[in-house]
Amino acid sequence: MISLQLSRIFSEMALMLEYKEENFFKINAYRQAARILRNIEDLERFISEDRLEELPGIGKNLREKILEYYRTGRIAEYEKLKGEIPLIIFDLLKIPGIGVKTAKQIFEVYRPDTLDEVESLAKAHKLKEIPGIGSKTEQQILVGIASAREWQEKIPVSLYSRNQTELLELIKSLPGVEKVSSTGSLRLKEEIIPYYHFLIVFNGSKEKFSELMENLGFKLLEQQDGMLFLAPEGFKVKIDFATFDSWGNKLFLTTGPESFVKAIGVLEKSFSDEEIIFKSRGLPYVEPELRTAEGVLEFLNEADTTDLITAADIKGDLHIHSQHSDGINSIKDLALAAQKLGYEYISINDHSKSLTVAKGLDEERLLAQIEEIEALNRELEGITVLKGIEVEILKDGSLDLPDKLLAQLDVVVASVHTGFKLPREEQTARIIEAIKNEHVDIIGHPTGRLLGRRDQYDVDVEEIIVQAAKYSTALEINSSPERLDLKDEYVNRARQEGVLIAINTDAHDTYRLANDLQFGVTVARKALLTKKDVLNAKDLNSLKKFLRRK
DNA sequence: GCCGTTTTCGGCCCGACTGTTTTCAGTCG
């Protein structure tokens with residue numbers, strides 16, 4: 001957890017240094033360090049073995065700061081900076097299109113303390129009086145504030161997946177708590193939840209429970225059947241109460257969703273266990289995450305939930321970045337990490353040349369990488385590294401590397417990283433052009449959304465699914481919890497059209513390679529995918545057959 | 001700040017897009 005906190009501190013420091021107009025490269029160094037630390041699993045080991053400086057982007061100075069934080073729980077320079085920069089700046093920076101320069105301008109002219117004040121200024125058209133800000137930016141700010149308010153109330157999977165265990169343990173440890181389970185949208189593994197939701201058996205009064213929570217810094221917000229608390233960190237926690245006798249009913253009902261509960265029908269008596277409810281209806285147990293799936297009960301008439309894809313069915317990852325572009329690890333490290341996961345193969349798909357910020361590969365560097373992989377495959381045993389690329393789909397639908405070169409690769413993932421605002425027809429057409437390309441195997445993160453940060457681009461997903469089926473191009477479930485792209489409704493449609501789905505991590509380091517797949521698998525299960533629907537559930541030989549299909 | 005076909009300072013620095021402007025600044029992937 002310390003690496004996550006440090007990552008947050010360093011990225012805040014980068015912003016603050018930018019505010020102070022420090023050297024660009026210094027700012028970048030903090031940003032880079034934040035990025036590295038975000039995904040380090042075992043920072044403590046690097047600290048205890050005094051190997052911090054082996055981490056890329058960590059030098060003498062940042063090493064000292066990490067150690068300072070490790071020893072004292074604070075970083076003096078961070079706190080000093082924090083005292084110099086107005087808090088409103090951080091809120092403003094969360095608005096898309098607003099960077100440090102604009103935020104600083106707004107602050108220096110009007111000195112607002114809260115987003116509410118900024119909102120009033122925008123509504124009164126005071127902001128566009130500032131040079132460099134016009135009506136469009138003013139409008140953008142209003143939209144941004146509204147959406148920030150909305151998002152304040154929501155917790156995305158990337159966040160809750162990291163906090164829920166700790167929170168569950170905390171509640172479990174309270175005296176008088178005799179049983180506890182996650183429930184509601186948390187238990188359904190929804191991509192976004194309104195609050196953490198737990199069901200407990202508590203030996204004592206509700207007042208007593210509330211007192212225990214308040215001692216931990218939680219504030220009681222609402223009390224009806226259950227209780228809603230505000231955590232010191234700002235998120236909400238809902239607690240529902242059950243008895244051992246009615247545990248099954250309560251767990252089933254609070255888990256939901258409503259449509260599923262309705263389909264199962266009225267519970268005529270008390271069930272101590274949820275599984276008995278399903279048994280009493282002659283149904284197999286339906287795991288919570290599947291209960292949101294459209295058509296899950298119909299599916300159960302024909303098949304078994306054990307047919308659905310699981311993480312154990314995944315034979316390899318077909319979208320991984322190495323240090324050749326913007327990844328952190330070498331290809332060999334990635335291969336060894338994949339081997340530990342029990343994979344049969346992985347594919348290296350670095351960015352292509354026009355994505356310059358990500359050090360995208362041009363023809364020459366890609367050829368060198370191909371050679372490196374071939375050599376590595378001669379050295380490694382038990383895992384095959386496939387040669388790949390994440391090639392840019394340009395605005396006109398062409399790719400930024402020649403077909404002749406793509407033909408030499410095993411796995412071509414084609415993705416959109418620019419031109420998010422193209423009109424719907426053009427956006428759809430460019431992706432379909434890529435789908436038609438005989439070398440393209442997979443369309444990466446097909447809708448471009450970033451959960452809670454950026455909506456999908458305007459695109460006809462239905463048409464993309466139809467064309468992907470027609471040209472036998474696979475679509476990706478990008479498992480990165482920031483993306484989850486395609487989302488489950490679309491994947492369900494794709495399944496019905498017979499489109500193959502690749503569940504990839506798009507990992508930029510070994511940690512995410514190991515950690516993120518679960519999120520994509522959950523999406524796939526919510527879309528009722530079975531092994532035969534998933535490209536990377538194939539063994540290497542069948543996969544190769546697919547890759548040669550066009 | 002980090003890094004080094006490195007030996008300790010000098011290089012690191014994309015480029016499209018948008019919104020503000022009449023030639024550019026700011027943002028962002």
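The shown structure was predicted, so the numbers you read here are calculated from the model rather than taken from an experiment. A note on names: the letters A, B, ... follow the listed sequences, proteins ahead of strands, and every chain is numbered from 1.
- A ring-ring contact (aromatic ring centres under 6.0 Å, His included) check over residues 24-67 of chain A, counting only residues at least two apart or in different chains, returns the pairs A/F10-A/Y30.
- Nucleic acid contact for A/K104: none, since no nucleic acid atom lies under 4.0 Å from a heavy atom of the residue.
- The separation of B/dC3 from B/dT7, taken at their C1' atoms, amounts to 12 Å, rounded to a whole angstrom.
- Distance CZ/A/R63 to CG/A/L55: 11.5 Å, rounded to 0.5 Å.
- When the C1' atom is used for both B/dG10 and B/dG15, the distance is 25 Å, rounded to whole Å.
- The CG atom of A/L37 sits 12 Å away from the P atom of B/dC2 (whole-angstrom rounding).
- One P atom belongs to B/dT22, the other to B/dC17, and the distance between them is 22 Å to the nearest Å.
- The aromatic rings of A/H351 and A/H508 lie tilted to each other, with the angle between the two planes from 30° to 60°.
- Contact annotation: A/N28 does not reach the phosphate of B/dG1 (side-chain N/O to OP1 or OP2, under 4.0 Å).
- If you take CD of A/E392 and C1' of B/dG29, they are 9 Å apart, rounded to a whole angstrom.
- Every residue was checked against the side chain to side chain donor-acceptor pair (under 3.5 Å) condition with A/K123, not counting sequence neighbours, and none meets it.
- When each of B/dG1, B/dG29, B/dC13 is scored by its nearest atom to the side-chain atoms of A/F24, the top-ranked nucleotide is B/dC13.
- To the nearest angstrom, P of B/dC17 lies 3 Å from NZ of A/K395.
- When rounded to the nearest whole Å, the span between CD of A/Q32 and P of B/dC2 equals 12 Å.
- Ring orientation note: the planes of A/F420 and A/Y457 are close to parallel, at an angle under 30° on the 30°/60° scale.
- Rounded to an integer number of Å, the gap from NZ of A/K359 to P of B/dC3 is 12 Å.
- Between A/F420 and A/P56, the residue anchored closer to the 5' end of DNA chain B is A/P56, taking for each the nucleotide with the nearest heavy atom.
- Listed by residue number, A/G132, A/I133, A/G134, A/S135, A/K136, A/T137 are the residues of residues 127-141 of chain A with a heavy-atom contact under 4.0 Å to DNA chain B.
- The residue A/I58 sits close only to the backbone: its heavy atoms come under 4.0 Å of sugar-phosphate atoms, none of a base.
- Between the NZ atom of A/K65 and the C1' atom of B/dC2 there is a distance of 13 Å, given to the nearest Å.
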For residues 131-139 of chain A, run the donor-acceptor check on the side chains, cut-off 3.5 Å, and write out each pair with its distance to 0.1 Å, sequence neighbours left out.
unit_1: A/E138; atom_1: OE1; unit_2: A/H125; atom_2: ND1; d: 2.8
unit_1: A/E138; atom_1: OE2; unit_2: A/L127; atom_2: N; d: 3.1
unit_1: A/E138; atom_1: OE2; unit_2: A/K128; atom_2: N; d: 2.9

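- Rounded to an integer number of Å, the gap from NZ of A/K26 to P of B/dC3 is 16 Å.
- Taking the C1' atom of each, B/dT18 and B/dT23 are spaced 15 Å apart, rounded to whole Å.
- Residue A/F25 places its side chain closer to B/dC12 than to any other of B/dA16, B/dC12, B/dC2.
- For the C1' atoms, the distance from B/dT20 to B/dC9 is 40 Å, rounded to whole Å.
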Just do the side-chain contact (heavy atoms from CB on, under 4.5 Å) check on A/R8 and A/L4 with the steps written out, would you?
-> CA-CA 6 Å; A/R8 212 201 62 239; A/L4 224 59; over 6 Å; no

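- Between the side chains of A/S354 and A/D400, at least one donor-acceptor pair of N or O atoms lies under 3.5 Å.
- If you take CG of A/L52 and P of B/dG1, they are 16 Å apart, rounded to a whole angstrom.
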Can you give one letter per nucleotide of nucleotides 23-28 of chain B, going 5' to 3': B for a protein heavy atom under 4.0 Å from the base, S for sugar-phosphate only, - for none?
-> ---SSS

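- Comparing the same atom, C1', in B/dC24 and in B/dC12 gives a spacing of 25 Å after rounding to whole Å.
- For the C1' atoms, the distance from B/dC13 to B/dC28 is 16 Å, rounded to whole Å.
- Between A/E392 atom CD and A/S415 atom OG the span is 7.0 Å, to the nearest 0.5 Å.
- Set against B/dT18, B/dC2, B/dC12, the side chain of A/K421 has B/dT18 as its closest nucleotide.
- Listed nucleotides: B/dC17, B/dG1, B/dG15. Nearest to the side chain of A/T356: B/dG15.
- B/dA16 and B/dG11: their P atoms are spaced 25 Å apart (whole Å).
- A/R35 pairs by the salt bridge (charged side-chain N to carboxylate O under 4.0 Å, His left out) definition with nothing, not counting sequence neighbours.
- No side-chain heavy atom of A/H439 sits less than 4.5 Å from a side-chain heavy atom of A/L399.
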